[in-house]
Amino acid sequence: MTQDERWLTRYNEVVDYIDSNHRNPSRHRIEDHDMLNWIKANRKAMNAGKMKAERVEMFRRLLLLMEEYKRKNQYE
């Protein structure tokens with residue numbers, strides 16, 4: 001399995017998770033930590049300009065999807 005295939009697999013895993021659970025991975029759930037760490041590492045790579053060009057567009061779409069499910073204050 002190449003690095004690109006592994007990246008794509010993880011990307012699809014995160015998108016499927018958000019689609020099926022209607023929420024972002026939680027830092028309070030141990031089983032979500034791998035996804036959170038992957039997202040954090042890729043966000044850092046993108047901001048540092050070290051992410052491959054073809055991945056940047058896909059990752060931006062993922063961040064937009066995550067923005068839709070951003071945590072809301074229950075008291076507002």
Side-chain angles (χ1 to χ4, degrees):
M1 187 180 254
T2 67
Q3 197 172 5
D4 286 337
E5 288 170 339
R6 277 202 312 269
W7 191 91
L8 202 57
T9 302
R10 180 65 79 177
Y11 173 85
N12 289 326
E13 184 181 313
V14 174
V15 171
D16 290 345
Y17 178 91
I18 293 172
D19 282 341
S20 59
N21 293 298
H22 304 293
R23 64 179 182 78
N24 292 326
S26 167
R27 68 174 186 235
H28 301 291
R29 292 173 177 246
I30 302 296
E31 60 270 18
D32 293 358
H33 284 190
D34 285 345
M35 285 184 274
L36 275 179
N37 289 337
W38 181 86
I39 291 166
K40 194 161 40 171
N42 278 284
R43 189 181 287 138
K44 282 182 177 178
M46 186 177 77
N47 291 340
K50 295 180 177 168
M51 186 180 274
K52 292 182 181 175
E54 63 271 12
R55 290 182 184 176
V56 171
E57 185 54 40
M58 289 178 72
F59 195 68
R60 284 215 170 103
R61 281 199 303 265
L62 175 62
L63 291 177
L64 285 173
L65 178 65
M66 289 178 68
E67 196 64 34
E68 290 174 27
Y69 290 107
K70 204 165 173 84
R71 170 185 171 292
K72 290 179 178 61
N73 187 334
Q74 62 184 346
Y75 299 110
E76 280 180 5

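For the residue pair Asn24 and Tyr17, no side-chain donor N or O sits within less than 3.5 Å of a side-chain acceptor on the partner.
Both Trp7 and Val14 are part of a single hydrophobic cluster, where members link through side-chain heavy atoms under 4.5 Å apart.
For Gln3, the CD atom sits in a loose shell: 12 or fewer heavy atoms of surrounding residues, nucleotides or ligands are nearer than 6.0 Å.
In terms of heavy-atom proximity, Met58 sits nearest to Leu8 at CE-CD1, 3.4 Å. Looking at every heavy atom in both residues, Trp38 comes nearest to Tyr11 through CH2-CA, 3.7 Å. Of all heavy-atom pairs spanning Ser26 and His33, the tightest one is O-CD2, 4.1 Å. Between Pro25 and Ile39, the shortest heavy-atom contact is CG-CD1, 4.2 Å.
Screening residues 34-53 for salt bridge (Lys or Arg N to Asp or Glu O under 4.0 Å) gives Asp4-Lys52 as the qualifying pairs, with residues at least two apart or on separate chains.
For the pair Glu57 and Arg60, the salt-bridge criterion is not met [side-chain N within less than 4.0 Å of a carboxylate O].
In this structure, Asn21 and Tyr69 have side chains that are not in contact, with every pair of non-hydrogen atoms separated by 4.5 Å or more. Using a 4.5 Å heavy-atom threshold, the side chains of Ile18 and Met66 count as touching. Proximity of Val56 to Arg61: side-chain heavy atoms (C-beta onward) are nowhere separated by under 4.5 Å. Residues Leu62 and Asn42 have side chains not in contact (no heavy-atom distance under 4.5 Å, counting atoms from C-beta outward).
Separation of atoms CG (Asn37) and CZ (Arg27) is listed at 13.0 Å; rounding is to 0.5 Å. Atom CZ of residue Arg10 and atom CD of residue Glu5 lie 15.0 Å apart, to the nearest 0.5 angstrom.
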